[in-house]
Amino acid sequence: MIKIGKWIVTSAWPYAHGVPHLGNLIGSLLSADIFTRYLRIKGEDAILVSGSDEHGTPIEVKALQMGRDPKDLTDEIHSKIVNMLEGFNIKFDNYTRTHNDVHIKFVQDFYMKIFENGHIFKKKDKMLYCEHDKLFLPDRFVVGTCPHCGYEHARGDQCENCGKLLTPLELVEPKCIVCGEEPVVRETTHFYFDLPAFEERLRKMISESETLTENAKNFSLNMIKEGLRPRSITRNNKWGIPAPFPGAEDLTIYVWFEAVLGYVSAVKEYFIKKEGDQDKWKEWWFDKDTNVAFFIGKDNIPFHTIIFPALLMATGDPYTFKFYIGATEYLNFEGKKFSKTHKIGIWCDEALKLLPPDYWRYTLVYLRPETRDSSFTWEALDYAVNEELNNHFGNLVQRLLTLIKKYYGGRLQKADVKTGDQKEVIKTLDEVSRKVDRFYMDMRFQKVLPEVMRLVKRANALINKERPWEKAKENPDLAHSTLYTIYRAVKAATIMLYPIIPESSRKILGYLGENDEEVSWNAMYEEPEAVVIDPGFKPPFNRINIEDIKNKLRLLRGDVMERIDIGYLSKIDMRIGTVEKAEKKVGSKKILRISVDIGKRKIKVLAGLAPYYKPDELVGKKVVVITNMKPKKIIDETSDAMLLAAIDDKGRVRLLTPDGDIDNGAKVG
RNA sequence: AGCGGGGUGGGGCAGCCAGGAAGCCCGCCGGGCUCAUAACCCGGAGGUCCGAGGUUCAAAUCCUCGCCCCGCUACCA
């Protein structure tokens with residue numbers, strides 16, 4: 001295998017004022033994880049770093065409103081994000097934060113160096129200042145009347161009504177968004193980065209880049225053509241990294257210009273923590289052959305193609321510019337933008353309470369907005385998980401394992417391909433793996449899925465056509481080679497999906513008898529002499545019910561569930577009954593077999609109450625029974641009804657019982 | 001306004017750069033199979049490829065004009 005060199009993989013730093021939503025996840029953090037996993041199974045040397053971006057006005061204001069210390073607030077949110085990453089199996093080598101000593105010192109030294117190199121200058125500016133909150137107000141913290149159309153709720157940067165771009169000073173009757181009072185104009189001095197000085201070098205760097213996409217290049221070159229402007233790099237915030245320049249005692253570095261340097265400082269911190277080496281990071285960042293992959297949203301492209309490189313250039317240090325930008329468009333939620341205030345969307349912490357991480361990871365890749373905005377829909381989740389992951393892929397795995405276990409005692413010797421159809425499957429495997437390899441390298445993860453599915457479907461078709469369950473007796477050689485071919489296809493599909501669904505892939509590889517910790521891309525081309533499967537295999541995925549998940553989400557949020565009408569309720573026949581007999585079902589830990597007298601007849605219920613009630617406690621108790629449930633088979637016998645019980649968050653279970661005496665058979669409603 | 005993306009059977013998309021019989025997935029209709037989680041496989045119906053004009057032996061694909069959708073636009077994180 002050809003090694004491409006060292007890789008630094010990073011993602012946009014989540015802003016620490018809340019837990020990211022599914023759109024943030026696929027755009028940056030998850031994509032970076034997938035790419036890194038891909039590089040590693042290909043044998044590449046990669047480190048994955050990112051962190052929480054915790055400075056800046058929004059957090060300062062939020063803390064102010066909550067009466068909390070900003071650090072205290074970001075501590076909390078940072079740890080939530082860390083938990084969330086763990087939950088989604090997103091494994092960073094260093095997931096850090098901007099309020100840490102290594103970063104703070106790095107940023108100050110970095111800007112001091114640029115300052116000494118003469119690329120930073122001072123300029124006086126007029127800004128709105130809120131005397132009540134003692135805060136300079138950035139664009140979006142001011143609202144007022146639009147001078148063009150008279151719209152009263154125009155924001156400081158743009159009027160949503162007429163679309164014109166504004167500056168806060170143009171607003172008629174401006175108001176502070178925090179307290180509503182009218183701010184005053186104040187003069188402040190800020191430090192500016194001389195971006196235009198780098199126009200030529202940037203143009204050269206971008207147009208000569210062999211790693212940036214056409215799209216990113218054109219977009220960036222266009223901006224340079226329109227002319228770059230100096231950018232102010234300081235703010236009046238208290239919550240931030242103090243600007244190191246002489247005469248900048250009251251200023252902090254503007255978050256944008258500070259957080260990006262985390263890409264470098266997080267690598268530095270990684271090597272300090274790992275090897276105690278202060279300078280090892282330079283072997284990575286100062287190596288012209290080190291590849292740097294950024295996973296960001298589309299709005300962030302110029303920052304990574306223009307501003308960040310210009311800053312690196314300004315230091316005079318030999319930074320690598322072998323940049324790969326994996327920019328995504330936006331993921332919307334059922335056609336609308338994610339919005340916390342309008343409760344549109346799903347947030348990562350909620351998502352983990354609803355489904356296993358791999359189900360989300362697969363669905364998010366399925367929806368990954370690579371060429372245009374896409375939209376999360378419940379139908380897409382349903383399709384991705386139930387059809388593709390479960391019915392096609394999961395079921396194929398289950399079929400293969402069952403066939404090997406049933407007809408070959410769990411051990412399959414190597415076999416050569418025997419039929420044209422088997423040959424076709426292997427040919428598909430080769431084709432698909434080549435394409436998938438390219439898609440990963442080109443950061444087109446979404447395209448991986450239909451390709452792998454093509455192989456999976458071919459494999460399913462081969463089983464149907466060659467009928468190994470019947471040929472195992474009449475033509476064992478044929479059945480044998482069919483199964484070995486399927487085995488190769490399944491293993492290949494599993495490895496190709498590993499970066500996307502790592503937990504499940506590892507599990508499946510374990511079932512297939514691959515017990516290595518390290519997953520390797522090349523293993524998919526190997527043909528072991530014998531395959532010994534794990535006899536304890538289980539279906540790798542389960543079908544999900546979308547309505548249940550929606551309801552679970554409503555419960556999580558404390559929302560009311562879907563409204564139903566009275567007719568719906570009247571279909572449920574609930575009766576009062578008395579428990580007549582109760583006994584533990586043999587061979588089950590949880591199930592009790594209960595007979596309930598409901599007046600005119602007796603009814604049998606199998607209920608999972610053993611952990612909560614002793615059989616004797618139940619006898620004689622008045623309970624509520626749903627008598628018209630469809631019979632449900634539990635283990636080896638059927639249950640004809642259901643008892644109503646309540647369960648709380650602590651996992652306690654209590655049966656419902658009527659208040660006072662009432663006859664058995666009384667209708668509940 | 002500027003820049004970018006897009007308009008292809010009921011829905012979602014590929015194909016367009018390097019013109020040559022319109023493809024994939026879902027849905028729908030019909031059939032097969034029972035190894036597999038009512039899962040799997042096969043077949044069928046269904047399209048003025050936004051409109052108009054042009055280039056060409058040949059255009060979804062190239063050119064011109066127009067219509068319609070969506071996103072981005074840097075001292076916002």
Side-chain angles (χ1 to χ4, degrees), chain A residues 12-18 24 53-59 123 125 127 136 138-141 155-158 162-165 167-168 190-193 195 214-215 218-219 222-223 225-226 228-235 254-257 259 297-303 306-307 327 329-330 332 335 337 366-367 369 371-375 377 379-380 382-383 386-388 390-392 394-407 446-447 449-450 453-454 456-472 479 482-483 486 538-543:
Chain A
W13 288 42
Y15 195 59
H17 68 339
N24 303 138
D53 176 5
E54 44 188 333
H55 295 133
T57 311
I59 285 169
K123 203 179 121 197
D125 237 347
M127 257 195 109
F136 281 92
D139 292 10
R140 294 202 180 169
F141 286 81
R155 289 182 320 204
D157 53 345
Q158 187 172 25
C162 66
K164 285 219 166 63
L165 297 179
T167 69
H190 277 290
F191 288 75
Y192 281 71
F193 174 55
L195 190 56
E214 280 308 301
N215 209 349
N218 292 339
F219 190 73
N222 245 320
M223 284 186 82
K225 208 159 107 194
E226 283 168 29
L228 301 176
R229 300 195 294 260
R231 296 284 303 260
S232 81
I233 57 168
T234 50
R235 288 291 180 276
Y254 175 34
V255 270
W256 264 114
F257 281 78
K298 59 181 166 184
D299 54 329
N300 235 329
I301 294 172
F303 215 85
I306 295 177
I307 294 176
E329 309 278 312
Y330 291 144
N332 293 318
K337 290 197 168 160
Y366 174 78
L367 291 168
T371 55
R372 68 191 78 176
D373 288 2
S374 67
S375 210
T377 58
E379 292 76 39
D382 192 1
Y383 173 75
N386 286 333
E387 285 295 315
E388 291 201 353
N390 187 65
N391 293 356
H392 292 300
N395 185 42
L396 174 66
V397 174
Q398 183 69 5
R399 293 176 90 178
L400 171 69
L401 292 168
T402 309
L403 286 164
I404 296 178
K405 185 179 180 181
K406 233 176 184 161
Y407 296 102
Q446 191 195 33
K447 293 200 154 211
L449 302 185
M453 280 304 131
R454 192 157 73 88
V456 166
K457 285 183 183 187
R458 267 216 108 97
N460 269 322
L462 186 75
I463 299 186
N464 283 39
K465 189 155 183 210
E466 300 195 337
R467 312 166 63 80
W469 60 91
E470 113 189 358
K471 295 287 187 298
T482 308
L483 289 190
I486 300 297
K538 290 196 198 80
F541 308 102
N542 295 302
R543 287 186 70 86

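If you're wondering where the values come from, they're calculated on a predicted model, not measured in any experiment. Each chain gets a letter, A, B and so on, in the order its sequence line appears, and its residues count up from 1.
- The nearest whole Å value for the distance from the CZ atom in A:Phe303 to the P atom in B:U73 is 13 Å.
- The same atom, C1', is picked in B:G32 and in B:G71; the two are 47 Å apart, to the nearest Å.
- Under the 4.5 Å side-chain criterion, counting only non-hydrogen atoms from C-beta, A:Asn460 is in contact with A:Arg399.
- Contact annotation for A:Asn300: base contact, defined as any heavy-atom pair under 4.0 Å involving a base atom.
- Residue A:Arg229 contributes atom CZ, which lies 13 Å from atom P of B:U73 at whole-angstrom precision.
- B:G43 is paired with B:C29 under the criterion used here, namely a Watson-Crick or G-U wobble arrangement in which both key atom distances are under 3.5 Å.
- Rounded to whole angstrom, the span from the CG atom of A:Asn386 across to the C1' atom of B:C26 amounts to 14 Å.
- With a 4.5 Å cut-off on side-chain heavy atoms, A:Tyr383 and A:Glu388 count as touching.
- The P atoms of B:G44 and B:C49 are separated by 23 Å, rounded to the nearest whole Å.
- Rounded to whole angstrom, the span from the CG atom of A:Leu367 across to the P atom of B:C26 amounts to 16 Å.
- Closest of all the heavy-atom pairs between A:Leu228 and A:Met223 is CD2-O, 4.0 Å.
- Within the shown strands, nothing qualifies as a pairing partner of B:U34 under the Watson-Crick or G-U definition with both distances less than 3.5 Å.
- Contact check for A:Leu403 versus A:Trp469: side-chain heavy atoms found under the 4.5 Å cut-off.
- Closest of all the heavy-atom pairs between A:His392 and A:Val456 is O-CG1, 3.4 Å.
- Computed from coordinates, the A:Ile301 CD1 to B:C3 P distance equals 18 Å when rounded to whole Å.
- Looking at A:Thr234, its side chain does come within 3.5 Å of a backbone N or O of A:Phe191 through a donor-acceptor pair.
- The aromatic rings of A:Phe303 and A:Phe257 stand perpendicular to each other, their planes meeting at an angle above 60°, with 30° marking the opposite boundary.
- Straight-line distance between the C1' atoms of B:G47 and B:G9: roughly 4 Å, to the nearest whole Å.
- When both distances must be under 3.5 Å, the Watson-Crick or G-U wobble mate of B:A1 is B:U73.
- Rounded to an integer number of Å, the gap from CZ of A:Phe257 to P of B:A74 is 13 Å.
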- Give the B/S/- string for nucleotides 4-9 of chain B, one per nucleotide from 5' to 3', where a protein heavy atom under 4.0 Å of the base yields B, of only the sugar-phosphate yields S, and otherwise -. -S----
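- Between A:Ala12 and A:Asn300 the shortest heavy-atom distance is CB-ND2, 4.4 Å.
- In this structure B:C16 sits in no base pair that meets the Watson-Crick or G-U test at under 3.5 Å.
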- Scan nucleotides 34-44 of chain B nucleotide by nucleotide, 5' to 3', and note B when protein non-hydrogen atoms come under 4.0 Å of the base, S if they reach only the sugar-phosphate, - if neither. SBBB-SBB---
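- Between the side chains of A:Asp382 and A:Asn386, at least one donor-acceptor pair of N or O atoms lies under 3.5 Å.
- Annotation for A:Ile59 and A:Ala16: closest pair CD1-O, 3.5 Å, computed over non-hydrogen atoms.
- For the residue pair A:Gln446 and A:Tyr366, no side-chain donor N or O sits within less than 3.5 Å of a side-chain acceptor on the partner.
- Taking atom C1' on both B:C65 and B:A58, the two are 24 Å apart, rounded to the nearest angstrom.
- To the nearest whole angstrom, the two C1' atoms, one in B:U64 and one in B:C28, are 41 Å apart.
- If you check B:C49 for Watson-Crick or wobble pairing at under 3.5 angstrom, you find it has no partner at all.
- For the P atom pair drawn from B:G54 and B:A60, the interatomic distance equals 15 Å after rounding to whole Å.
- For B:A74 and B:G4, the C1' atoms lie 16 Å apart once the distance is rounded to whole Å.
- Across B:U8 and B:C25, the matching C1' atoms stand 15 Å from one another, rounded to whole Å.
- Protein atom CD of A:Glu388 is 15 Å distant from nucleotide atom P of B:C13, rounded to whole Å.
- As rounded to whole Å, 11 Å separates atom C1' of B:G12 from atom CD of A:Gln446.
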